[in-house]
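Below, chain A is the first sequence line, B the second, and so on; all start at residue 1. Keep in mind the model is a prediction, meaning the values are calculated, not measured. The figures here come from the full heavy-atom set of this structure, side chains too, leaving out hydrogens, waters and symmetry mates.
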Amino acid sequence: MTTREKKMGLATRDAYGQALAELGRENPNVVVLDGDVSGSTKSRMFAKEFPDRFFNFGIAEANLVSAAAGFASCGKIPFASSFSAFLMCKTYDQLRMSVANPHLNVKLCGSHSGISLGQDGASQMAVEDIALACSLPKFTVLVPADETSTRALVKRAAEHLGPVFIRTSRPNVPLIYAPGEMFEIGRAKLLRPGRDVTVIAIGMMVWEALEAAELCVEKGIDVRVIDMHTVKPLDEQAIVAAAKETGAIVTAEEHLIDGGLGSRVAQVVVQNHPVPMEFVGLKNTYAESGTPAQLFERYGLTAKAIVEAIETVC
Amino acid sequence: MTISDRDELKKLANTVRKDIIQMTGTAGSGHPTSSLSTVEILTTLFFQVLRHDPKRPDWPDRDRFILSKGHAAPALYAFLARSGYFPVDRLMTLRKLDSPLQGHPERHRMGGVEASTGSLGQGISIGIGMALAGRLDRKDYRVYVMTGDGECDEGQVWEAALYAGNRGLDNLTVIVDHNQAQQDGWVKDVMDLAPLGDKWRAFKWHTIEIDGHDWDQVSKAFDEARAAKGKPTVIIARTVKGKGVSFMENKPELHGIPPTPEQVEQALRELEQP
């Protein structure tokens with residue numbers, strides 16, 4: 001169920017912190033590891049309540065990720081948190097050999113993902129983290145769009161047996177879902193029915209996709225919008241149905257278009273029911289310092305950019 | 001199985017050395033010299049020190065051993081087999097398709113292998129997670145990690161050393177198999193580690209430096225590690241790469257080179273001598 005008037009909610013990183021604290025109360029096996037940025041990732045909300053189960057590893061992400069694997073091999077459910085740029089991009093080898101190869105039950109939460117962290121600039125911006133996480137065999141990759149979906153998906157991640165990457169972002173974001181909405185890993189959310197084209201979006205681009213669909217009404221284009229909160233494993237049924245029923249697909253992500261949501265959706269489309277596609281995302285470039293709104297405008301991550309993409313495939 | 005008789009231990013060490021030669025000879029690849037340097041240390045560890053039960057590899061209270069220098073996998077597999085984790089005849093499937101004895105150890109393929117290693121530098125960090133979990137659960141198991149000396153080039157080793165030293169993880173013991181050679185040559189030429197003991201001491205570790213082939217020194221070092229409170233222990237064991245086979249000893253160029261069938265015969269003959 002969507003709430004179409006723009007009501008701002010928490011940042012997904014805040015919802016992550018709240019969900020962690022809740023998990024801490026429910027399950028004594030949950031432990032949290034952070035790399036000296038707990039105030040930013042919001043894992044501090046857990047640390048305050050459960051200091052014995054919180055481990056600050058300092059600025060040493062490789063050690064942090066492998067240690068999380070050690071915890072998991074002893075039956076704990078470790079949530080490892082840091083900026084996504086450091087948690088994922090610095091530790092690819094630890095992710096592959098400490099975590100993915102033995103398929104250990106490690107949860108990774110990368111905050112400040114994409115370019116919406118704004119002023120801090122490119123070194124802090126993970127724009128390749130989804131590609132890295134999706135490349136790891138049997139990883140589950142979750143990109144929630146608002147606070148409600150974050151809370152629900154963090155819970156699902158804790159229940160899921162196996163490695164999970166959860167991607168959160170820095171700014172407050174509009175509410176997409178009413179409180180209490182249920183989520184399942186691998187089951188996309190149909191946010192708006194439509195017959196002419198489907199926009200498949202993740203994270204902060206879900207709101208932009210809904211805006212784009214509104215803008216298309218006056219153009220006479222009936223846009224379906226899907227929130228593909230689980231980028232791996234993809235909801236192939238929803239994608240194939242979209243291809244068959246709407247005949248065109250646009251993907252939208254705050255990430256490089258190479259190896260991200262768009263590439264993965266395209267794989268499903270060409271294997272099952274080829275239709276014209278267009279990709280909204282960063283195109284072969286890093287971003288820079290600026291306000292989030294300025295950056296979204298400059299790098300083409302807006303409702304307007306999605307409308308343009310829609311018009312090229314319709 | 002705990003063995004207290006020294007002669008028995010020596011016999012086992014010899015058996016494992018023969019296993020290593022035969023395994024790598026049969027496979028036609030692997031790292032025999034990197035495996036041979038570990039033998040006195042791992043014989044002592046597996047048959048005197050570790051609290052483990054080969055019939056219950058997932059026993060929550062077991063001591064953990066991580067072979068961080070995963071290329072010494074033949075040694076690990078031989079000790080697991082000789083301890084009773086799996087039948088000895090399976091050793092000759094090393095590196096063959098469908099064998100759980102992968103070229104480098106993989107945790108999910110076999111009981112007794114505690115971590116997937118081979119990409120150097122990760123073992124101590126994984127051991128830290130296990131040691132912290134044990135502390136949290138008030139369990140008294142201990143965690144042992146063996147690294148190579150060349151492996152100490154990896155930055156992650158020192159991230160882990162800094163963490164464990166600062167947190168006083170006294171249920172964690174690291175053994176550095178200081179065989180003084182790495183793939184491209186002598187450690188002192190490729191990337192000198194000296195003074196290695198001072199480095200670990202500076203990171204707040206209880207540091208013991210021994211001859212890693214001297215049974216008394218090895219055994220005493222493990223006792224001392226268990227007794228050390230408030231600090232993790234590192235045992236820097238000076239060893240000989242290729243130890244026990246005359247034509248393999250102290251030859252850095254033999255890193256990752258398996259013996260030929262003739263060399264297997266010669267090595268086995270040498271190891272038959274008391």
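- Neither the backbone nor the side chain of A:Val65 comes within contact range of chain B; no heavy atoms are under 4.5 Å apart.
- Of the two parts of B:Leu136, only the side chain, counted from C-beta on, holds a non-hydrogen atom closer than 4.5 Å to a non-hydrogen atom of chain A.
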_Checking A:Ser66 against B:Gln156 for the side-chain hydrogen bond (donor to acceptor under 3.5 Å, both in side chains) test, could you report, in this order, the C-alpha distance in whole Å, the side-chain angles of both residues, the deciding distance, and whether it holds?_
CA-CA 10 Å; A:Ser66 293; B:Gln156 189 179 357; 2.9 Å; yes
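- Looking at B:Arg135, there are no atoms closer than 4.5 Å to chain A (heavy atoms on both sides), in backbone or side chain.
- Looking at B:Ala115, neither its backbone nor its side chain comes within 4.5 Å of chain A, counting heavy atoms on both sides.
- Interface residue A:Leu104: only side-chain heavy atoms are found under 4.5 Å from chain B.
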*Can you list the steps and then say if A:Asn101 with B:Arg107 is a side-chain contact (heavy atoms from CB on, under 4.5 Å)?*
CA-CA 8 Å; A:Asn101 174 283; B:Arg107 181 179 192 275; 5.8 Å; no
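- Minimum interatomic distance between B:Ala133 and A:Phe71 (heavy atoms only, all atoms of both residues): N-CE2, 3.6 Å.
- Within 6.0 Å of the NZ atom in B:Lys96, the count of heavy atoms belonging to other residues, nucleotides or ligands exceeds 12.
- The contact between B:Arg167 and chain A is made entirely by side chain atoms (from C-beta outward), counting heavy-atom distances below 4.5 Å.
- For the set A:Ala69, A:Ala68, A:Pro28, A:Ser98, the entry with the most heavy-atom pairs within less than 4.5 Å of chain B is A:Ser98.
- At a 4.5 Å heavy-atom cutoff, the contact between A:Ala62 and chain B is made by backbone and side-chain atoms alike.
- Using a 4.5 Å cut-off between heavy atoms, B:Asp58 does not touch chain A at all.
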*So B:Gln122 and A:Gln94, side-chain contact (heavy atoms from CB on, under 4.5 Å) or not? Walk me through it.*
CA-CA 7 Å; B:Gln122 302 186 22; A:Gln94 287 73 28; 4.1 Å; yes
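- Looking at every heavy atom in both residues, B:Tyr163 comes nearest to A:Asn56 through CE1-O, 3.6 Å.
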